[in-house]
Amino acid sequence: MKITSSILPKIKRFWLLIILASAVALTVTACNPANFKTASAQVPQLVSAILSDPKTFNFPLSQESPNVFPLIYEGLITENYDTGEIEPALAESWQFSDDKLKIVFTLREGLKWSDGQPLTVDDVVFTYNDIYFNEAIPTDVRDVLRIGESRKLPSVKKIDERRVEFTVPEPFAPFLRSATGYPILPAHSLEKSVKTKDQDGKPIFLSQWGVDTPLDQIIVNGPYKLERYDTSQRVVFRRNPYYWRKDAQGNPQPYIERVVWQIVESTDTSLLQFRSGGLDTVGVSPDYFSLLKVQEKQGNFKIFNGGPTSSTSFVWFNLNKGKRNGKPLVNPVKSRWFNNVQFRQAVAYAIDRQTMINNTFRGLGTPQDSPISVQSPYYLSPKEGLKVYNYNLKKAKDLLLKAGFKYNDKNQLVDDQGNRVRFTLLTNAGNKIREAMGSQIKQDLSKIGIQVDFTPLAWNTFTDKTSNSLDWEASLMGLTGGLEPNDGANVWAPEGGLHMFNQKPQPGQPPIEGWEVAPWEAQIGKLYIQAARELDEAKRKEIYAETQQITQENLPFIYLVNPLSLSAVRNRFEGIRFSALGGAFWNIHEIKITK
């Protein structure tokens with residue numbers, strides 16, 4: 001995944017896989033700076049880079065970040081990443097019922113889709129009832145919207161031409177922030193595909209709006225629309241002429257006419273292009289910070305520091321004990337290791353996170369111990385009692401010996417049956433920081449006799465293994481975060497689409513025989529339900545504190561480092577309000593190019 005992209009405004013309504021280290025760079029025509037200057041002189045544009053092609057233009061089916069959707073879609077509400085406050089978007093206002101079980105939203109007048117068609121309450125009802133709530137459509141959105149032990153979904157109904165009512169079956173604390181900010185999708189363009197079934201009885205919606213779809217068929221409501229996609233080269237966005245926002249003087253927003261994402265093979269490439277003048281912005285990874293800092297004045301740019309990122313990085317093991325077609329997903333010998341909590345704790349103690357911070361992150365980070373972002377009011381710090389795993393080889397070895405492991409005459413770790421402890425650690429290729437982290441983990445674990453075969457893979461291959469075939473042993477990756485823990489419900493609910501350490505098959509995937517949920521795993525899921533139900537903020541914080549204690553005791557994810565959120569941006573952009581939650585361009589509609 002990645003250190004969350006600093007150029008891209010982010011949809012944070014649920015947690016997403018982070019694919020890349022945040023690069024941001026570049027050109028409308030290949031990688032030639034001369035071509036870039038010629039093109040950029042034609043229209044006001046922002047040029048950036050990503051490390052991988054988009055996987056889909058269909059929002060409900062997306063699990064990656066960054067993705068195109070924050071630029072091309074809006075929901076009823078949005079989040080101000082400067083203040084953390086909820087603000088109106090497609091809805092101009094909302095009102096809660098006295099019992100807090102209903103919210104009535106009033107849409108803005110005159111809303112339109114990018115094809116000029118009216119955007120109405122019918123689109124809101126269609127988006128939720130026909131897509132997000134549709135069990136035939138596999139989307140992580142639904143995991144976040146499920147309420148209570150019953151896992152019921154809200155009801156959404158039209159009141160009149162401008163008002164829509166959301167109702168929940170019981171108190172739901174994240175009702176406004178989590179449930180009503182998802183992109184609204186066009187009924188006039190997608191309704192037929194939802195109702196029409198293919199030969200397997202599945203909605204043809206599942207094959208709609210892939211990356212091979214003609215871009216004029218993708219109807220949007222955000223500040224930009226898709227103009228061009230050249231595979232492995234670039235994605236180009238053009239200002240949506242029907243976007244609703246206007247400034248105080250009545251001028252249409254956004255001011256920047258075009259946004260370009262150049263698709264590059266590595267963060268090193270994006271750095272070279274930024275330094276050569278062909279970029280507008282780049283995510284500053286720790287290994288680039290010193291180099292770029294001394295060039296700020298000469299290069300006419302500024303490095304923004306938003307403090308600790310809201311994302312996480314971690315190692316996780318495949319704890320799935322199930323089988324497909326009679327074959328175990330994980331080698332039973334290795335599965336016994338991975339499912340032993342003392343083994344996972346030993347691995348955590350053996351990873352030298354401070355050295356990782358000093359070397360790989362150049363001191364620009366802190367140890368990470370919680371799945372909840374440090375910016376969240378529900379974050380539990382080590383000072384408040386959160387269990388931590390500071391580097392301690394003696395503790396690691398003691399735990400392994402207590403768990404029945406031993407060392408042979410070559411000082412190699414073996415289990416109680418004499419099997420050498422060796423596993424493959426996967427990550428996504430092209431992320432220089434993550435590859436350095438993986439190399440250190442390999443070295444660190446060798447000190448307790450474990451052989452790690454560290455293997456970076458192309459993103460599509462990696463996601464196929466971890467999400468579809470489930471043919472993997474251990475991985476190094478991360479997730480985005482935010483202020484509201486319930487946005488991670490799809491990670492912690494045992495049936496959730498991002499319950500990666502013990503993944504249940506998702507709709508359309510082959511069944512798994514013998515899938516088990518551990519008691520601690522089920523308890524976390526129950527606590528997330530309880531916390532979402534609790535309206536008393538102090539009590540809610542106590543519940544989330546308990547979830548963090550359980551995750552740190554049982555280590556479904558072994559958390560690593562929380563780096564600083566850093567981005568370099570050319571000085572010609574005015575109106576940037578940089579934050580770790582939103583990056584440099586979360587408020588892109590009000591940013592201007594001054595020179």
Side-chain angles (χ1 to χ4, degrees), residues 1-2 4-11 16-32 35-36 39-40 42-74 114 183 208-241 243 254 256-267 269-270 273-274 278-283 428 430-431 458-460 463 567 569 583-586 588-589 591:
M1 275 159 60
K2 80 162 179 135
T4 306
S5 178
S6 56
I7 170 177
L8 309 175
K10 296 189 290 297
I11 292 175
L16 301 162
L17 285 174
I18 311 179
I19 314 172
L20 354 119
S22 175
V24 240
L26 299 227
T27 106
V28 177
T29 52
C31 299
N32 185 322
N35 290 340
F36 171 80
S40 64
Q42 298 172 4
V43 296
Q45 71 176 13
L46 166 66
V47 191
S48 70
I50 56 175
L51 296 183
S52 177
D53 286 89
K55 292 185 67 179
T56 183
F57 295 141
N58 189 327
F59 169 74
L61 306 183
S62 175
Q63 285 191 320
E64 63 181 340
S65 174
N67 53 59
V68 301
F69 307 109
L71 288 177
I72 64 176
Y73 283 111
E74 283 193 346
S114 57
Q208 297 294 104
W209 290 8
V211 293
D212 57 347
T213 302
L215 298 184
D216 60 357
Q217 295 180 17
I218 298 176
I219 310 304
V220 303
N221 62 28
Y224 293 91
K225 60 181 182 178
L226 290 160
E227 181 181 63
R228 179 174 174 179
Y229 171 47
D230 300 319
T231 305
S232 300
Q233 296 181 55
R234 66 190 62 83
V235 184
V236 181
F237 305 82
R238 176 73 68 162
R239 181 167 57 188
N240 176 6
Y243 185 53
I256 298 173
E257 176 68 25
R258 183 164 56 187
V259 175
V260 182
W261 295 356
Q262 191 73 13
I263 300 166
V264 300
E265 69 273 16
S266 71
T267 51
T269 301
S270 61
Q273 292 173 338
F274 182 80
L279 309 131
D280 288 320
T281 178
V282 68
N428 61 300
N431 184 325
W459 175 247
N460 287 342
T463 56
S567 288
V569 183
F585 291 89
W586 64 268
I588 194 167
H589 63 277
I591 292 175

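The first residue of the sequence shown is numbered 1, and numbering continues consecutively from there.
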Hey, which of Ile263, Val68, Val236 is the one that makes side chain to side chain contact (heavy atoms under 4.5 Å, CB included) with Tyr229? Ile263

Taking the side chain as every heavy atom from C-beta outward, state whether Gln45 and Val259 have any atom pair closer than 4.5 Å. no

Using every non-hydrogen atom in the two residues, find where Pro254 and Tyr243 come nearest and quote the distance to one decimal. CD-CD2, 3.9 Å

Look only at the side chain of Gln262 and the backbone of Gln233, and say whether a donor-acceptor pair between them is shorter than 3.5 Å. yes

On a heavy-atom basis, which atom in Pro44 and which in Ile256 lie closest, and how many Å separate them? O-CG2, 3.7 Å

Given Trp459 and Leu51, is the side chain to side chain contact (heavy atoms under 4.5 Å, CB included) satisfied, shown in steps? CA-CA 9 Å; Trp459 175 247; Leu51 296 183; over 6 Å; no

Say you draw a straight line from CZ of Phe57 to CD1 of Ile218; how long is it, rounded to the nearest 0.5 Å? 5.5 Å

Judged by atom type as modelled, is there a donor-acceptor pair below 3.5 Å linking the side chain of Ser114 to the main-chain atoms of Val220? yes

Checking Asp53 side chain against Ser232 main chain: does a donor-acceptor pair fall under 3.5 Å? yes

If I compare all heavy atoms of Ala584 with all of Ile591, which pair ends up nearest, and what's the gap? O-CD1, 3.7 Å

Specify the closest pair of heavy atoms between Thr463 and Asn460, including all atoms of both residues, with the distance to one decimal. OG1-O, 3.1 Å

Measure the spacing between CG of Leu61 and CD of Gln63 and express it to the nearest 0.5 Å. 9.5 Å

Measuring from atom NZ of Lys225 to atom CD1 of Ile219, what distance do you get when rounded to the nearest 0.5 angstrom? 8.5 Å

Once rounded to the nearest 0.5 Å, what's the spacing between atom CG of Leu46 and atom CZ of Arg258? 11.5 Å

May I ask you to check whether Ser266 and Thr269 show a side-chain donor-acceptor distance below 3.5 Å? yes

Counting distance only, does the side-chain N/O of Asn58 pair as donor-acceptor with the main-chain N or O of Gln208 below 3.5 Å? yes

Nearest heavy atoms of Pro70 and Asn67, plus distance in Å: CD-OD1, 3.0 Å

Flag, side chain of Thr213 to backbone of Gly210, donor-acceptor distance under 3.5 Å: yes

Donor-acceptor pair, side chain of Arg228 and main chain of Val235, under 3.5 angstrom: no

Quick one: closest heavy-atom pair of Val264 and Ser270, and the distance? CG2-CB, 4.3 Å

Measure from the ring center of Phe237 to the ring center of Trp261 and say whether it is less than 6.0 Å. yes

Hey, does Tyr73 have a side-chain heavy atom less than 4.5 Å from the side chain of Asn221? yes

Answer whether the closest heavy-atom distance between the side chains of Arg239 and Pro223 falls below 4.5 Å. no

